[in-house]
Each structure stands twice: as structure tokens, then as C-alpha cells.
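As the structure is a computational prediction, the values presented were derived from the model and not from experiment. Positions are given from 1 along the sequence.
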Amino acid sequence: MQDEPTPIELTKAVADFLRSDITPLITGHQAFKLRVAINALDLVTRQLALEEGSDAKEVARLRALLGMDGSVTELNRALAERIAKGEADLATPGLAGHLWQTTMDKLAVDQPNYASYKRELSRGG
């Protein structure tokens, strides 16, 4: 484990370098592929920055919903099984809120500029 630079700083620095120094030099299909690469680096940077906190909150919500402990993967699997068996649905207290917040957390990483996501953030949703 290294102290500096952090993985977040490294991926951001590479994306910024490509965006500011290389993008102006590239045209055509190569420019498109470069934008895809920059977008991938931006996504990884956001995931590194946000994943730990959002996963911890998701686990806490799932534990409260399910009354059990486990990893985020195990708890999501258990929730999916309960939904599939008809043991949980949108009438289940806390489930709709959990699904909404989980979706918003995932959009913060994957599509932070998505118009509907931004609209919901401005509403406090």
C-alpha cells in the first residue's frame, strides 16, 4: 500500500492529462476511442471515491431490511431471493427507499451528468 499518490489521484491525473494534452492532438475515430478511455478513467475515479461509503450505507440498509448480516453481495442476493419468492415487495417497509437510494448512489458513479439524476438531486431525492 502506497501513501501518495492515491489511486484516485492517479486515475484523475491520467484522465486530466489525456483530456487537456492529448485530446486536442487526436481526430476522427481515434478521438472517439480516446474519449471512451477518458470516460472510463473518470468512472473508475468516481467509483474509487464513492464506493466504500455507498457500499457501507447499502449494507446498513440491507441489514435493517433483512434482519441478517453479510457482505453487500450476499445481502443483495438474499433480498433478490425474497423478492422472487414474493416475501418482499414495494409495500415492504423501507424497501422502496432502499432501492431508490441504491439507484441514486449507482448513478453518482456511473452517470453523474444524467439529467434525471441531477433533477432528483436538486429535489433532495
> Out of curiosity, D55 CG to T73 OG1, how far, rounded to the nearest 0.5 Å?
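Nearest 0.5 Å value for the CG-OG1 distance: 8.5 Å.
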> Say you draw a straight line from CG of L66 to OG1 of T92; how long is it, rounded to the nearest 0.5 Å?
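Taking CG in L66 and OG1 in T92, the distance rounds to 10.0 Å.
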> Is it true that a side-chain atom of R46 and a backbone atom of P112 form a donor plus acceptor pair closer than 3.5 Å?
no
> Quick check: do L99 and L90 have side-chain heavy atoms less than 4.5 Å from each other?
yes
> Return the minimal non-hydrogen interatomic distance between Q111 and Y117, and the atom names on each side.
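So the two residues come closest at O-CD2, 4.0 Å.
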> Please say yes or no: joined through hydrophobic side-chain contacts below 4.5 Å, possibly via intermediate residues, are L41 and V36 part of one cluster?
no
> Treating Ile, Leu, Val, Met, Phe, Trp and Tyr as nodes and any side-chain heavy-atom pair under 4.5 angstrom as an edge, say whether L10 and F17 lie in one connected cluster.
no
> Given I22 and I38, is the side chain to side chain contact (heavy atoms under 4.5 Å, CB included) satisfied, shown in steps?
CA-CA 11 Å; I22 304 302; I38 291 168; over 6 Å; no
> Using 0.5 Å steps for rounding, measure from the CG atom of L34 to the OG1 atom of T27.
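Answer rounded to 0.5 Å: 11.0 Å.
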> Drop me the distance from Q101's CD to M104's CE, to the nearest 0.5 angstrom.
7.0 Å
> List the atom of I8, the atom of A49, and the distance in Å for their closest heavy-atom pair.
CD1-CA, 3.5 Å
> Could you give the distance from CG (L62) to CG (N76), rounded to the nearest 0.5 Å?
5.0 Å
> Would L48 end up clustered with L43 when hydrophobic side chains under 4.5 Å apart are linked, directly or stepwise?
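No: no chain of side-chain contacts under 4.5 Å links L48 to L43.
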> Is it the case that more than 12 heavy atoms not belonging to E52 sit under 6.0 Å from its CD atom?
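Not buried by this count: 12 neighbours or fewer within 6.0 Å.
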> Please walk me through it: do E120 and R123 pass salt bridge (charged side-chain N to carboxylate O under 4.0 Å, His left out)?
CA-CA 5 Å; E120 292 304 317; R123 291 182 185 174; 3.1 Å; yes
> Can you sort out the partners of D21 under side-chain hydrogen bond (donor to acceptor under 3.5 Å, both in side chains), two or more places apart, ordered by chain and number?
none
> Hey, any chance L18 and V44 share a hydrophobic cluster, counting ILVMFWY side chains that come within less than 4.5 Å of each other, even indirectly?
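Not linked; separate clusters.
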> Could you walk me through whether L65 and R82 pass the side chain to side chain contact (heavy atoms under 4.5 Å, CB included) test, one step at a time?
CA-CA 11 Å; L65 276 169; R82 288 187 188 183; over 6 Å; no
> Could you tell me whether R61 and E58 have a side-chain N and a carboxylate O separated by less than 4.0 Å?
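Between E58 and R61 there is no salt bridge, as every charged N stays at least 4.0 Å from the carboxylate O atoms.
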> Taking all atoms of both residues into account, what is the closest heavy-atom pair of A31 and I26, and its distance?
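Scanning both residues, the minimum pair turns out to be N-CG2, 3.2 Å.
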> First locate atom CG of D110, then atom CG of L50, and finally report the distance between them rounded to the nearest 0.5 Å.
12.0 Å
> Membership question, hydrophobic clusters at under 4.5 Å side-chain separation (ILVMFWY): are V59 and V109 in the same one?
no
